[in-house]
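Start at 1 and go down the list; that is how both ligands and their atoms are numbered. Computation of the quantities below employed the complete heavy-atom set of this structure, encompassing side-chain atoms and omitting hydrogens, waters and symmetry-equivalent molecules.
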Amino acid sequence: MKLWNVKTHLDLTTAAVLWVSDFHLAGGHREDLNECESNPCSQECANVYGSYQCYCRRGYQLSDVDGITCEDIDECALPTGGHICAYRCNNVPGSFQCTCPSSGYKLASNARNCQDIDECVTETHTCSHNETCFNIQGGFRCLSLECPENYRKSGDNRCERLPCHHNKECQSLPLRITSYHLSFPTNIQVPIDIFRMGPSSVVPGDKIQLSITSGNEEGVFAAKNVNSHSGVVSMQKPITEPRDLLLTVQMQLFRHGTVTAFVAKLSVFVSAQL
Ligand SMILES: [Ca+2]
Ligand SMILES: [Ca+2]
């Protein structure tokens, strides 16, 4: 009976000693041991009564395996990581960095999006003096206007036909050729009207006929009359890859029994959307 009592007492004591293993027994009082002093954690350590807890700085997470090692969080691989950066995500210890294409873009102030560099404003373009710089997403274009024979330049983007002097062949040439420049991101929703054309003044009885005379071999665009004095060019098929297109749009104006042609040269620059 007595023996049994002693054994029970010993077992309890052993258990108690194991349980209080984190305490020093000083002067008969239990004193908490600061485990953090021996740097058990890979980053931060918090001493708590009877134990300690490791924790990690921002950008790291505590290892499930040992509870003491801080592992870098791969922000780029998180389920939401695909959208964390507009272009490319680079994982770095404790953080991540977004990057942009090596040319044409800079990192926006939010450090995630890419912002087009306007080379025409920053004067980093390579256009010559007689060319005009036109900014597009991720790049720029150098434009020059050259008028064909029988035409003279009458503005930055316009050529006027020279007087015909009763030359019938000359009279069938467009009266005016005007250049326009449009820029779009890839994959814009179609159909979408991109250009409207009509005579500068409307005379009762006018009729127009709009048509695309070149540059639409793939049927991406369509021209249609909206009413008797205006028409529109629309994009009918999505453009998925960056490319430059040159469309020639002709408007025939039927007025007072004569027909006059006007031509619009549409440069369509489609650039990648980031
Ligand atoms: Ca990281
Ligand atoms: Ca640009």
Side-chain angles (χ1 to χ4, degrees), residues 39-46 53-145 156-157 179-189 192 194-195 215 220 235 238-247 265-274:
N39 299 320
C41 302
S42 76
Q43 285 186 355
E44 306 296 327
C45 178
Q53 176 66 50
C54 294
Y55 63 97
C56 301
R57 292 190 284 266
R58 193 175 164 168
Y60 293 87
Q61 61 191 1
L62 205 57
S63 161
D64 288 340
V65 181
D66 61 16
I68 60 170
T69 309
C70 292
E71 295 166 339
D72 172 54
I73 296 169
D74 185 351
E75 293 85 355
C76 304
L78 293 174
T80 54
H83 307 291
I84 212 164
C85 295
Y87 181 67
R88 206 154 281 170
C89 182
N90 290 332
N91 183 46
V92 295
S95 186
F96 66 96
Q97 280 169 353
C98 297
T99 58
C100 295
S102 56
S103 72
Y105 292 92
K106 62 181 177 190
L107 200 60
S109 53
N110 66 4
R112 298 190 179 203
N113 292 344
C114 295
Q115 204 175 349
D116 172 58
I117 296 168
D118 187 338
E119 293 84 353
C120 305
V121 170
T122 58
E123 297 201 335
T124 47
H125 63 82
T126 53
C127 302
S128 65
H129 282 299
N130 45 20
E131 288 175 317
T132 312
C133 180
F134 183 74
N135 184 52
I136 63 169
Q137 283 292 307
F140 63 94
R141 293 290 180 271
C142 298
L143 310 172
S144 64
L145 180 75
D156 281 345
N157 64 340
S179 297
Y180 296 93
H181 312 99
L182 309 171
S183 103
F184 293 106
T186 48
N187 297 311
I188 55 166
Q189 202 133 41
I192 182 171
I194 61 165
F195 185 70
V220 171
M235 197 185 278
I239 298 176
T240 54
E241 294 293 325
R243 60 193 289 198
D244 294 354
L245 299 128
L246 178 62
L247 277 185
K265 295 274 188 189
L266 291 189
S267 298
V268 180
F269 305 115
V270 182
S271 35
Q273 192 168 27
L274 291 187

Would Ile73 count as a contact for the Ca ion (ligand 1), in the sense that one of its N, O or S atoms lies under 3.0 Å from it?
-> yes

When you look at CG of Asp66, are more than 12 heavy atoms from neighbouring residues, nucleotides or ligands closer to it than 6.0 Å?
-> yes

Determine whether more than 12 heavy atoms belonging to other residues, nucleotides or ligands lie under 6.0 Å from atom CG of Asp64.
-> no

Taking 3.0 Å as the upper limit, name the protein N, O or S atoms near the Ca ion (ligand 2).
-> Asp116 OD1, Asp116 OD2, Ile117 O, Glu119 OE1, Asn135 OD1, Ile136 O, Gly139 O

Judged by atom type as modelled, is there a donor-acceptor pair below 3.5 Å linking the side chain of Gln43 to the main-chain atoms of Arg57?
-> yes

Hey, does the side chain of Asn113 reach the backbone of Ala86 with a donor-acceptor pair shorter than 3.5 angstrom?
-> no

Decide, counting backbone as well as side-chain atoms, whether Tyr60 has an N, O or S atom less than 3.0 Å from the Ca ion (ligand 1).
-> no

N/O/S from Asp74 sitting under 3.0 Å away from the Ca ion (ligand 1) = no

Considering only the SG atoms, does Cys89 lie under 2.5 Å from Cys98?
-> no

Is the Ca ion (ligand 1) less than 3.0 Å from an N/O/S atom of Val92, whether that atom is in the backbone or a side chain?
-> yes

Are Tyr105 and Tyr87 an aromatic pair by the rule of ring centers under 6.0 Å?
-> no

Mind reading off the angle at the Ca ion (ligand 1) between the O atom of Ser95 and the OD1 atom of Asn91, rounded to 10°?
-> 90°

Sub-3.5 Å donor-acceptor pair from the side chain of Ser42 to the main-chain atoms of Cys70, do we have one?
-> yes

Just by distance, do the side chain of Asp72 and the backbone of Gly94 share a donor-acceptor pair under 3.5 Å?
-> yes

